[in-house]
Amino acid sequence: MSDWLIVALIIGLASVSQTAVGFGAPLIAMPVLVPLLGIQTATPLSTLAGLLLSILILLRFRQSFNFRAVTHLLLATLVGVPVGVALLNWVEADFLTTLLGILVIGYALYALFSPQLPKLEHLAWAYGFGFVAGVLGGALNTSAPSIVVYGSSRRWPPEAFRTNLQGYFLVTNTAVLIAHGLDGNLTASFWRSALWSLPGILAGFLVGLWLANRINPDRFKRLVLILLLVLGVNLLF
């Protein structure tokens, strides 16, 4: 199978998950794209896909978005993003790939077993979670685990949870893309892969909307998490 078709298919699958259950695009895409394209192309590519998806999803569900709920997270994240992008030049790619595998597996296990987390009342927690999310987002486009854990601990209701995540990702992914552009990572290979991924993003968004109204969201979420476990283990071994 040609590289362009693999890119389109994996971005499409990731887009279905993001649209149907509100998460999963970078976590699904990165474990496949990193071995195929290299981490310095895969990270901004999955970021671009996440950005476009966030725009589409927010346009569809904008009435539930609460910007104030993510303001403090975003402030800290924007500080962490340049640090994460710089790590791509400071740290060996193999180490970052292993870290990505551990993060994907850890998040999948957390979400599968759904442990009851303590409620975080103080807003200071937003800055800690936000900074960590920014570093991970800049380096690996994996800010989602930190933000999902934070949102769960703040007891966001389900509909607000999905739209708050998309609003957060819209700002964060824009910042990550700008940082990668300044760092010289938006190469010809990136733009070529971006063109390949556009049909997958649009098709995945439409399929995700269709599935969201026709399947059990909890069952679909479990399937996505099991897929993440497989992808994470594959990165490690």
Side-chain angles (χ1 to χ4, degrees), residues 17-18 21-28 30 43 46-47 50-51 53-54 57-58 61-88 90-91 96 99-179 217-218 221 224-225 228-229 232:
S17 172
Q18 185 85 5
V21 297
F23 78 96
L27 295 173
I28 290 174
M30 284 292 287
T43 299
S46 64
T47 299
L51 173 61
L53 277 171
S54 295
I57 295 170
L58 270 179
F61 300 104
R62 61 187 178 275
Q63 64 276 6
S64 302
F65 178 49
N66 179 7
F67 182 74
R68 292 183 62 186
V70 297
T71 301
H72 300 280
L73 280 171
L74 285 170
L75 290 174
T77 295
L78 294 177
V79 175
V81 164
V83 177
V85 173
L87 283 177
L88 292 177
W90 298 341
V91 180
L96 290 174
L99 177 60
L100 175 62
I102 293 171
L103 286 171
V104 170
I105 292 171
Y107 174 72
L109 290 173
Y110 156 77
L112 278 170
F113 291 102
S114 300
Q116 183 65 34
L117 299 174
K119 187 176 182 180
L120 301 180
E121 299 283 1
H122 202 286
L123 281 178
W125 286 102
Y127 292 99
F129 277 93
F131 180 77
V132 171
V135 173
L136 294 176
L140 301 168
N141 194 26
T142 53
S143 58
S146 296
I147 302 307
V148 168
V149 170
Y150 175 79
S152 298
S153 298
R154 293 287 290 179
R155 305 297 191 263
W156 288 346
E159 193 61 33
F161 195 99
R162 176 162 63 175
T163 51
N164 287 348
L165 284 180
Q166 303 315 313
Y168 170 86
F169 292 144
L170 175 63
V171 178
T172 302
N173 287 337
T174 300
V176 170
L177 271 183
I178 291 172
D218 292 332
K221 180 180 178 181
V224 171
L225 292 170
L228 288 179
L229 277 177

message: Apply side chain to side chain contact (heavy atoms under 4.5 Å, CB included) to residues R154 and L123 and explain how you reach the verdict.
response: CA-CA 10 Å; R154 293 287 290 179; L123 281 178; 3.8 Å; yes
Report all side-chain donor-acceptor pairs from residues 72-79 shorter than 3.5 Å, counting only partners two or more places apart or in another chain.
from: H72; atom 1: ND1; to: Y127; atom 2: OH; distance (Å): 2.7
from: T77; atom 1: OG1; to: L73; atom 2: O; distance (Å): 2.8
from: T77; atom 1: OG1; to: G130; atom 2: O; distance (Å): 2.9
from: T77; atom 1: OG1; to: Y168; atom 2: OH; distance (Å): 2.7

For residues 140-147, tabulate all N or O donor-acceptor pairs below 3.5 Å that involve a side-chain atom, not counting sequence neighbours.
from: N141; atom 1: ND2; to: S46; atom 2: O; distance (Å): 3.3
from: N141; atom 1: ND2; to: S46; atom 2: OG; distance (Å): 2.8

query: Do you know which two heavy atoms are closest between Y150 and W125, and how far apart they sit?
result: CE1-C, 4.1 Å
- prompt: Which heavy-atom pair separates V176 from G137 by the least distance, and what is that distance?
  reply: CG1-O, 3.9 Å
query: Say you draw a straight line from CD of Q18 to CG of L165; how long is it, rounded to the nearest 0.5 Å?
result: 8.0 Å
statement: Value for CG (L170) from CG (L53), rounded to nearest 0.5 Å, stands at 11.5 Å
query: Which heavy atom of G167 sits nearest a heavy atom of L58, and at what distance?
result: CA-CD1, 3.7 Å
- prompt: Closest heavy-atom contact between N173 and G50?
  reply: ND2-C, 3.3 Å
query: With sequence neighbours left out, what residues match V135 under side-chain contact (heavy atoms from CB on, under 4.5 Å)?
result: V83, L87, F131
message: Holding to side-chain contact (heavy atoms from CB on, under 4.5 Å), I want the full list of residues that pass it with L229, two or more places apart in sequence or in another chain.
response: I105, A108, L109, L112
Closest non-hydrogen atom pair between G138 and L88, with its separation: O-CD1, 4.3 Å
- request: Can you run down the side-chain hydrogen bond (donor to acceptor under 3.5 Å, both in side chains) pairs that involve residues 78-87, sequence neighbours left out, and say none if there aren't any?
  value: none
